Amino acid sequence: MAVPALGALVAEPLFLLADSAIVGRLGTLPLAGLGIAGAALSTAVSVFVFLAYGTTASVARRLGAGDESGALAQGVDGMWLALGLGVVAALLAVPSAGWVVDALGASAAAHPYAVTYLHLSLPGLPGMLVVLAATGVLRGLQDTRTPLVVAGAGAVINVLLNLLLVHGLHLGIAGSAIGTATTQVLMAVALAVVVGRGVRRTGARVRPHPLGVLRTALGGVPLLVRTLTLRAALLLTTAVAAAQGDASIAAHQVAMTVWTTTALALDALAIAAQALVGRALGAADVEGVRSSVRRMAQWGVAVGVVLGLLVGATAWPVAGFFAPAPDVRAHLAAALVVVAASLPLAGWVFVLDGVLIGAGDGRYLARAGLVTLAVYAPLALLVHASAPAGRAGLVWLWIAFAGAFMLARLVTLVRRERSGRWMVTGV
């Protein structure tokens with residue numbers, strides 16, 4: 001289950017990568033505008049990721065209880081919620097697009113390009129959120145292959161449309177936005193058709209149930225809080241790195257990219273944990289849950305060890321490739337060593353996070369997120385106040401983030417997992 005999930009996770013960054021390669025040939029300013037608008041859209045996706053996680057857990061639990069029709073009905077409610085949130089978010093973003101790109105630091109020259117891309121890509125936002133929810137439905141049904149197929153096809157269609165609209169019809173950055181938005185809508189339709197087949201087969205309802213949609217929305221609030229605490233920690237880390245100078249922030253950007261890339265593999269394991277734990281709890285298979293958690297924790301640590309060895313062994317060549325400047329290269333190599341050492345710990349954290357999401361234990365995860373942020377924020381600020389600018393300062397920052405922050409997350413997760421209070425069976 002984790003391998004196809006990883007493929008689907010990788011496909012999403014390829015959208016922005018393809019857009020960047022195609023728009024980059026238009027010049028520096030269009031590419032800068034794309035970078036700003038892309039950051040805004042990526043933030044929106046990360047904020048609304050609870051649509052996928054919450055739906056996976058609830059659908060898997062009902063499936064395990066033998067209620068496939070109820071599982072699909074609940075998934076449909078999640079998709080209607082995603083569509084509604086997408087429409088509202090898009091409508092709100094239209095008048096505020098200029099303010100958003102300014103807040104993200106767009107220059108006066110890049111501002112119109114960023115606003116153009118954001119405006120024309122907003123029609124795809126509802127489709128983007130429906131893709132999240134529908135992917136969650138299929139994961140809950142133990143199907144991670146279909147989202148991979150749709151994501152792969154979407155990546156290909158996105159490239160073809162962008163090439164046609166940007167360079168064939170000479171629409172510039174507007175063509176890139178239109179192509180990406182169109183692709184997101186097509187992906188949403190494709191996944192909705194797949195879910196619809198299951199609905200027809202089981203006789204589940206298609207229309208949204210007000211209480212079902214409300215229940216899905218309320219259930220997503222704790223996961224939203226959890227996500228916001230993680231985003232706050234990442235933004236704080238970037239701010240401290242930026243305060244240490246240009247070499248530090250440049251090295252930090254590459255180190256964070258490496259961290260994010262390795263996190264995709266670990267997140268794929270977490271997705272498998274969500275689906276498997278949710279189904280086993282729905283079936284009241286307590287022993288199966290315990291066995292799955294042990295095995296998946298072992299997988300998480302093992303994959304973290306392999307990734308850590310890979311990152312550690314390639315730290316200096318990677319630093320040399322991404323950072324020709326000697327000072328940035330030294331900063332980056334040192335940070336990557338810390339990243340490598342932390343990955344086995346991160347593997348355990350990601351899996352346990354997925355276990356508790358699959359169990360529907362969102363309220364605890366929200367509280368734990370606030371606690372870990374409260375632990376990490378003073379450490380990051382202490383690095384900012386006391387660590388010298390340079391390699392040592394960046395190393396201490398990454399020790400605080402990849403070491404202390406992840407360790408605090410692990411303590412809260414292990415404590416909950418060992419308590420067993422999250423192991424509520426049935427629907």
Side-chain angles (χ1 to χ4, degrees), residues 1-12 49-79 82 131-151 191 194-195 198 202 204 216 219-220 223 226 263-300 303 347-362 365 413 417 422-427:
M1 291 185 68
V3 172
L6 173 61
L9 289 173
V10 170
E12 187 62 33
V49 75
F50 71 87
L51 290 167
Y53 289 171
T55 306
T56 297
S58 59
V59 169
R61 184 178 284 269
R62 286 191 173 271
L63 182 68
D67 183 13
E68 186 177 1
S69 176
L72 283 163
Q74 191 150 357
V76 168
D77 286 337
M79 293 171 64
V131 167
L132 285 177
T135 299
V137 174
L138 294 174
R139 288 171 181 169
L141 296 173
Q142 319 293 287
D143 177 9
T144 57
R145 288 193 177 94
T146 299
L148 170 62
V149 172
V150 173
L191 289 172
V194 174
V195 174
T202 61
T216 302
L223 292 179
R226 163 199 168 273
L264 290 175
L266 302 176
D267 202 29
L269 289 170
I271 288 169
Q274 294 170 27
L276 292 173
V277 167
R279 180 169 184 171
L281 287 174
D285 183 8
V286 174
E287 186 53 40
V289 173
R290 292 196 177 103
S291 175
S292 295
V293 171
R294 286 195 299 269
R295 179 58 58 87
M296 288 184 290
Q298 292 168 359
W299 270 104
V303 172
W348 195 0
V349 168
F350 274 63
V351 166
L352 290 183
D353 197 50
V355 166
L356 296 184
I357 290 175
D361 202 20
L365 289 172
L413 293 172
E417 186 264 325
W422 54 276
M423 210 176 295
V424 180
T425 59
V427 178

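This one's a predicted model, so the numbers in the text were calculated from it and none came from an experiment.
- Rounded to the nearest 0.5 angstrom, F350 CZ and I271 CD1 are separated by 10.5 Å.
- Taking CD1 from I357 and OH from Y53, the interatomic distance works out to 6.0 Å, rounded to the nearest 0.5 Å.
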Contacts table for residues 59-75: side-chain donor-acceptor under 3.5 angstrom, sequence neighbours left out:
{"residue": "R61", "atom": "NH1", "partner": "V424", "partner atom": "O", "Å": "2.6"}
{"residue": "R61", "atom": "NH1", "partner": "G426", "partner atom": "O", "Å": "2.8"}
{"residue": "R61", "atom": "NH2", "partner": "A359", "partner atom": "O", "Å": "3.0"}
{"residue": "R61", "atom": "NH2", "partner": "V424", "partner atom": "O", "Å": "3.3"}
{"residue": "R62", "atom": "NE", "partner": "Q74", "partner atom": "OE1", "Å": "2.5"}
{"residue": "R62", "atom": "NH1", "partner": "D67", "partner atom": "OD2", "Å": "3.3"}
{"residue": "D67", "atom": "OD1", "partner": "G70", "partner atom": "N", "Å": "2.8"}
{"residue": "E68", "atom": "OE2", "partner": "R201", "partner atom": "NH1", "Å": "3.4"}
{"residue": "E68", "atom": "OE2", "partner": "R201", "partner atom": "NH2", "Å": "2.7"}

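- Contact of the R139 side chain with the T135 side chain is registered, since non-hydrogen atoms from C-beta on lie closer than 4.5 Å.
- Listed by chain and number, the residues in a side-chain contact (heavy atoms from CB on, under 4.5 Å) with V303 are L266, L269, W299, L307 (sequence neighbours excluded).
- Screening V137, L138, V150 for a side chain to side chain contact (heavy atoms under 4.5 Å, CB included) involving V194 leaves a single residue, L138.
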Show your working on side chain to side chain contact (heavy atoms under 4.5 Å, CB included) between T146 and D143 and close with a plain yes or no.
CA-CA 6 Å; T146 299; D143 177 9; 2.6 Å; yes
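- Scored by the side-chain contact (heavy atoms from CB on, under 4.5 Å) test, A273 finds M296, V355 as partners (sequence neighbours excluded).
- Scanning both residues, G220 and F50, for their nearest heavy atoms gives CA-CD1, 3.5 Å.
- Heavy atoms only, all atoms of each residue included: G358 and A57 are closest at O-CB, 3.6 Å.
- For S292, the side chain to side chain donor-acceptor pair (under 3.5 Å) test picks out no residue, with sequence neighbours left out.
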Show me, pair by pair, the donor-acceptor contacts under 3.5 angstrom made by side chains of residues 275-285, not counting sequence neighbours?
{"residue": "D285", "atom": "OD1", "partner": "G288", "partner atom": "N", "Å": "2.9"}

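- Between the side chain of D267 and the main chain of A270, no donor-acceptor pair closer than 3.5 Å is present.
- Nearest heavy-atom pair across A134 and L191 is CB-CB, 3.7 Å.
- Here CH2 of W422 is found 11.5 Å from CG of L365. Values are rounded to the nearest 0.5 Å.
- Side-chain N or O atoms of S58 include one that pairs as donor or acceptor with a backbone N or O of T55 at under 3.5 Å.
- Residue pairs meeting the side chain to side chain donor-acceptor pair (under 3.5 Å) criterion with at least one partner in residues 351-361, sequence neighbours excluded, are R226-D353, D361-R416.
- A268 and A2 make their closest contact through CB-O, 3.3 Å (heavy atoms, listed as atom of the first residue, atom of the second, distance).
- Counting heavy atoms from C-beta outward, V286 and V289 have side chains that stay 4.5 Å or more apart.
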